[in-house]
Amino acid sequence: MQGTVIEGHPMARTSTDQQPRTPFLSRPGVRRLTPFVLITAIALIFIFENRTSAKIRLLIPEVTMPLWGALLIAWALGMLACAFTVRRRRHRNTRRPSA
């Protein structure tokens, strides 16, 4: 029985009936994730290269803190706003019209 291939069996694949593979960079998940990874890398490099202290004023209080901390906070708030917008847009598109 060794070497016998059962037709129609899911494990019985030969080299001719394999599905063609999608190139890695053409996959939808990778295409959506690539800009996020690039922007994040550039932002983090920019943030950690600017390590001097800076005075930051938000309406009334004035705070002195490292510039990288302020940039990191601004980046995190931007990421939260983006995630909220994408989640809200996805939720809005999945609603079904009530008839």
Side-chain angles (χ1 to χ4, degrees):
M1 188 92 177
Q2 186 177 2
T4 306
V5 176
I6 303 169
E7 287 188 40
H9 192 271
M11 297 300 286
R13 283 196 166 185
T14 62
S15 62
T16 58
D17 64 357
Q18 288 181 351
Q19 299 278 335
R21 292 189 175 201
T22 304
F24 183 73
L25 293 177
S26 297
R27 296 177 185 171
V30 174
R31 292 184 74 159
R32 281 192 300 263
L33 192 61
T34 302
F36 169 76
V37 170
L38 289 174
I39 291 170
T40 300
I42 291 169
L44 289 174
I45 290 169
F46 181 76
I47 287 168
F48 290 113
E49 285 295 320
N50 292 292
R51 293 178 282 170
T52 59
S53 291
K55 289 183 180 180
I56 299 167
R57 183 178 173 132
L58 180 63
L59 298 178
I60 297 171
E62 187 173 297
V63 179
T64 301
M65 65 184 298
L67 185 56
W68 67 266
L71 292 170
L72 191 61
I73 290 169
W75 173 77
L77 290 173
M79 295 304 291
L80 284 173
C82 180
F84 177 73
T85 303
V86 168
R87 192 178 116 227
R88 188 169 172 212
R89 183 181 303 156
R90 191 175 296 152
H91 179 68
R92 182 176 42 194
N93 290 341
T94 58
R95 283 193 222 157
R96 296 181 183 234
S98 57

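Since the structure is predicted, the reported quantities are computational estimates derived from the model, not experimental observations.
Residue Cys82 holds its SG atom at 8.5 Å from CD1 of Ile39, rounded to the nearest 0.5 Å. Rounding to the nearest 0.5 angstrom, the gap separating the CG atom in Leu80 from the CH2 atom in Trp75 is 9.5 Å.
One hydrophobic cluster, built from ILVMFWY side chains closer than 4.5 Å, cannot hold both Ile45 and Phe36; they sit in different ones. Note on Met79 and Leu44: same hydrophobic cluster, where clusters join Ile, Leu, Val, Met, Phe, Trp and Tyr whose side-chain heavy atoms are under 4.5 Å apart, directly or indirectly. In this structure, Trp68 is a member of the same hydrophobic cluster as Phe46, with clusters built from ILVMFWY side-chain heavy atoms closer than 4.5 Å.
With sequence neighbours excluded, the residues that form a side chain to side chain contact (heavy atoms under 4.5 Å, CB included) with Ile56 are Met65, Ala70. Not counting sequence neighbours, the partners of Ser53 by the side chain to side chain contact (heavy atoms under 4.5 Å, CB included) test are Thr64.
Using a 4.5 Å heavy-atom threshold, the side chains of Leu71 and Phe48 count as separate.
No more than 12 heavy-atom neighbours from other residues, nucleotides or ligands sit within 6.0 angstrom of CD on Glu49.
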